[in-house]
Amino acid sequence: MKNFIIGVLCLTLIWFGASLIRVENQRYALELEMCGTRSPENSLKRSQCLEEVETRTGPVAHLLYALDIL
């Protein structure tokens, strides 16, 4: 039972980490205005751009910036 709980907690941490990386990437892209301005008429294009854009060198960099280590 203990090993099962540890496994579930590890999977939860991985899931939260992946979500944090995705959100930090999108936040930084918005800050740099990489996907255009925040006008309502371009919201669909902007949301598609935010899903595809890569703002830093990799996921580890996003995670470190999101955790405020760098």
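Because only heavy atoms are used, hydrogens play no part in the values below, and waters and symmetry mates are left out as well, while side chains stay in. When a residue number appears, it is its place in the shown sequence, counting from 1.
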- With the 4.5 Å side-chain cut-off for hydrophobic clustering, are I21 and I69 part of the same group? yes

- Message: Check for me, please, whether V23 and F16 land in the same ILVMFWY cluster - side-chain distances under 4.5 Å, paths through other members count.
- Response: no

- Query: Any chain of hydrophobic side-chain contacts (each under 4.5 Å) joining I6 to F4?
  - Reply: no

- Query: To the nearest 0.5 Å, what is the distance between OG1 (T55) and CG (L30)?
  - Reply: 10.0 Å

- Under 4.5 Å between any side-chain heavy atoms of H62 and R27, yes or no? no

- So if you build clusters from Ile, Leu, Val, Met, Phe, Trp, Tyr with side-chain heavy-atom gaps below 4.5 Å, do Y65 and L63 land together? yes

- Roughly how far, to the nearest 0.5 Å, is CD of E52 from CG of N25? 11.5 Å

- Item | Between CD on residue E51 and CD on residue Q26, distance to nearest 0.5 Å | 5.0 Å

- Item | Minimum heavy-atom distance between A29 and L50, given as atom pair plus value | CB-CD2, 3.8 Å

- Item | Heavy-atom pair of closest approach, residues C35 and R46 | O-CG, 3.6 Å

